[in-house]
Amino acid sequence: MAKIAINIATGTLQQAEVIVGIDLGTTNSLVAVIHPETGKPVALKEHDSSALVPSLIHFSEGGQVQVGNAAREFLISDPANTIFSAKRLMGKTYQDVSCNAHPLAYTIVDEADKLVKVKVAGKYFSAVELSSLILKALKNSAEHIIKTPVTKAVITVPAYFNDAQRQATRDAGKAAGLDVLRIINEPTAASLAYGFGLDKTSTKTIAVYDLGGGTFDISILTIANGIFEVLATNGNTFLGGDDFDAAIVEYWMNKYGFINSDTAATHRQQLRLDAEEAKKQLSDQQAYESVYENTKLQLSREKLHELVAPLIETSIACCRNAMKDAAISLADIDEVIMVGGSTRMPLVKKTVGNFFGKAVNDSVNPDEVVALGAAIQADILAGNTKDLLLLDVTPLSLGLETMGGLMDVLLPRNSKIPVKAARQYTTYKDGQSGMKIAVYQGERDMVKDNRRLAEFNLTGIPAMPAGLPKVEVSFLINADGILLVNARELRSGIEQSVEVKPQYGLTDEAVEKMLLDSMEHALEDMQMRALTEARTEGEQLLQTTERFIHKNMTMMSREELIETSQAMQALQLSIDMADKNLIQEKAAALNTISKPYAERIMDEAVSKAMAGRKV
Ligand code: ADP
Ligand code: MG
């Protein structure tokens, strides 16, 4: 993908509201946005520098905090106060972290089953706080580059992150002043950056091979009609470019005799940066040479390959396991895409290509690909990408069952998510203490023809006459596509909610069939709805009239009683006959009969009440 330089002087990226995509990496983090002119995602960078911000934080004794490149030099000079790999701590307890074979250079606090904390410069920091410092730095630098406030973001996480780790990432975003609209999987973001899943018609199976600085992930995804599904993930949370660097350092230590010196430890630390530089250069060149303390450091591409081949081989073992879990064959894989800085190594591409039996796709910058995909997702959420229907809109209407089994739609289909809607309902019986909330999805007028998603009872409504309680039912679909239904009786405050995944188990064919059905039955449905409404009104009228007569019988004449009872019977008969016009006619007749005495009785009641009061 062509890189697009951002013209800072003219501020071409200026826009009213941006949603940024953020790759919060273990080793490097970066921010990307959709360029307002080209419509293509770009990684944000200051001038000619790299877009990558090392995920490092240095705390000085004086309380100063430095993030990114500025913190890099302290990795060697002040390791105890320099935090790296904070992402590894997200959602983890001391126990989880301390049993890792790889010790951290900074201090973690031993509180067995509590979330891990880091003690640095005399203060304690949670993983969320540490990540929020990185996110805050990314936010500030993005604002500086695009000259626009940045308050909304999509942040990526590894596909294997559990709920606690995803929530921790969200919290870190919030703490950094970002509204995290969505957390998406890194392999999904990478696939989006490659344009997979953007056209609704294609179905693809993709292997995303992500080799970064300290972690390796392989994910097998299928994309069908714009819906991503992770079939399997595998990997090694302690395998990456750092291990390649360490292998080079060991090789040099031996070759140049540093290993036997008194200052071996210092050499080892200092050689790390040279080793990384050598590794990177050898991705494009055949040989590397530099000078370190009067020693000429040398490394050939061939030697490098010999050193790292066993490490790369362990990643292939993970690929094999992932394929087994996904229960598909190598021939089913349509694309193998390269993610992470370490996939720039020719040997990595070759080995992975050999395993999958096809050339890997590395056409998008592997350092930026995840952030670029997050920017595309952000753009979809902003409503700028129209094609991706199923990812960001409700494919079918969502509503409640109301009287007579009618579907009352709160969120019409194609509502853009996140979205919220609310409506008030009331009871139809005196003293009714519960209300059934049944949630349906579909386009038909009667709920029986739609798909039931959930049902619960709002109980404990205080005794009140029919029609008095106000029950507000709200539907909220968050950006992750989860529907939260809440019912609340406004007078008493009692409430209850339920969470459902409307998309769950819903295939594209199912959606299509429901839409076709609704068109086919449109007329029939309309007639049915009209009948149901008339019937419900008729039944309610019968109930109210009955209650009224029961209460006021002594104030009515015999004729009035007989006439009313006859009209009620006629109305009941028309309801039983399911004849909409007849129901309406008989309901009107009953109203005409009851109106005069109802008014008279009300008047009498009022004057009686007045008479009782001394004015
Ligand atoms: P993460 O996703 O874990 O934050 P990255 O994807 O940014 O990490 O990858 C960082 C790793 O990529 C580092 O180990 C770095 O040395 C390595 N790397 C970057 N460029 C190259 C290159 N040209 N050749 C080989 N390795 C590289
Ligand atoms: Mg990464």
Side-chain angles (χ1 to χ4, degrees), residues 21-32 43 45 50-57 67-69 72 75 83-90 102 131 134-135 138 155-161 169 184-191 193 208-219 233 235-249 271-286 288 299 301 304-305 307-309 311-312 315 337-352 362 364-374:
I22 299 180
D23 172 5
L24 183 61
T26 310
T27 312
N28 295 302
S29 301
L30 68 154
V31 182
K45 57 189 86 176
S50 156
L52 301 187
V53 176
S55 305
L56 297 171
I57 314 159
V67 175
N69 282 308
R72 199 193 266 279
L75 265 183
I83 310 296
F84 58 91
S85 300
K87 185 175 177 177
R88 290 190 190 283
L89 308 178
M90 293 295 262
H102 297 245
S131 288
I134 296 173
L135 288 169
L138 292 172
I155 305 180
T156 60
V157 295
Y160 60 76
F161 255 31
T169 306
I184 65 167
N185 290 331
E186 287 161 11
T188 302
S191 306
V208 183
Y209 180 99
D210 182 349
L211 190 58
T215 58
F216 165 65
D217 298 312
I218 172 76
S219 313
T233 65
N236 184 336
T237 49
F238 287 96
L239 174 66
D242 296 348
D243 300 289
F244 299 177
D245 304 346
I248 300 169
V249 171
L271 283 171
R272 262 181 46 193
L273 292 181
D274 287 292
E276 186 179 8
E277 191 49 39
K279 172 189 74 178
K280 287 184 181 171
Q281 284 193 20
L282 291 174
S283 289
D284 304 312
Q285 294 161 204
Q286 292 299 325
Y288 171 84
L299 188 67
R301 185 187 271 189
L304 171 67
H305 284 184
L307 293 172
V308 302
L311 293 168
I312 299 175
S315 79
I337 64 175
M338 295 284 101
V339 178
S342 299
T343 62
R344 287 184 186 274
M345 290 183 74
L347 183 63
V348 170
K349 292 184 211 178
K350 194 172 135 219
T351 314
V352 177
D362 60 352
V364 183
N365 182 337
D367 301 318
E368 299 179 354
V369 61
V370 169
L372 297 177

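The residues of the chain are indexed from 1 along the displayed sequence. Side chains included, hydrogens not; waters and symmetry mates left out as well; all remaining heavy atoms used. Note that ligands are numbered from 1 as they come in the structure, with each ligand's atoms numbered from 1 the same way.
- Heavy atoms of Ser342 come nearer than 4.0 angstrom to ligand 1 in at least one pair.
- Below 4.0 Å from some heavy atom of Ser283 lie the following atoms of ligand 1, by number and element: 22 (C), 23 (N), 24 (N), 25 (C).
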Give the intermediate values and the outcome of side chain to side chain donor-acceptor pair (under 3.5 Å) for residues Ser315 and Tyr209.
CA-CA 9 Å; Ser315 79; Tyr209 180 99; 2.7 Å; yes

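- Relative to atom 11 (C) of ligand 1, the option among Gly241, Gly213, Pro346 with the closest non-hydrogen atom is Gly213.
- Annotation: atom 7 (O) of ligand 1 to nearest protein heavy atom, Asn28 ND2, 2.8 Å.
- Of the listed residues (Asp362, Asp284, Asp367), just one forms a side chain to side chain donor-acceptor pair (under 3.5 Å) with Arg344, and that residue is Asp367.
- Between Phe238 and Phe216, the gap from one ring centroid to the other reaches at least 6.0 Å.
- Listed by atom number, the atoms of ligand 1 under 4.0 Å from Glu276 heavy atoms are 13 (C), 15 (C), 16 (O).
- Thr233 places no side-chain N or O within 3.5 Å of a backbone atom of Ser219 that could act as its donor or acceptor partner.
- Distance alone, capped at 3.5 Å, is enough to place a donor-acceptor pair between the Ser55 side chain and the Gly25 backbone.
- Counting the atoms of ligand 1 from 1 in the order shown, those under 4.0 Å from a heavy atom of Met345 are 25 (C).
- For atom 27 (C) of ligand 1, the closest heavy atom belonging to the protein is Gly341 O, 3.3 Å.
- The single protein non-hydrogen atom nearest to atom 19 (C) of ligand 1 is Lys280 CE, 3.5 Å, given as residue, atom name and distance.
- By the 3.5 Å distance cut-off applied to N or O atoms, Gly214 is not counted among the residues near ligand 1.
- In this structure, atom 23 (N) of ligand 1 lies nearest to the protein heavy atom Arg344 CD, 3.2 Å.
- Checking side-chain atoms of Thr351 against main-chain N and O of Leu347 turns up a donor-acceptor pair under 3.5 Å.
- Within the listing of ligand 1, atoms 1 (P), 3 (O), 4 (O), 8 (O) sit less than 4.0 angstrom from a heavy atom of Thr27.
- Scanning all protein heavy atoms for the shortest distance to atom 2 (O) of ligand 1 gives Gly212 CA, 4.3 Å.
- Remark: Asp217 engages no residue in a salt bridge (Lys or Arg N to Asp or Glu O under 4.0 Å) (not counting sequence neighbours).
- Looking at Lys279 next to ligand 1, an N or O pair under 3.5 Å apart turns up.
- Atom numbering of ligand 1 starts at 1 in the shown order; those under 4.0 Å from a heavy atom of Gly340 are 6 (O).
- The side-chain heavy atoms of Asp23 and Glu368, taken from C-beta on, include no pair separated by under 4.5 Å.
- Atoms of ligand 1 lying under 4.0 Å from at least one heavy atom of Gly25, given by number and element, are 4 (O).
- Arg301 forms no cation-pi arrangement with Tyr288, by the criterion of a distance under 6.0 Å to the ring centre and an angle within 45° of the ring axis.
- With a 4.5 Å cut-off on side-chain heavy atoms, Leu299 and Ile248 count as touching.
- Remark: ligand 1 and Asp245 share no N or O pair separated by less than 3.5 Å (distance only, no angle test).
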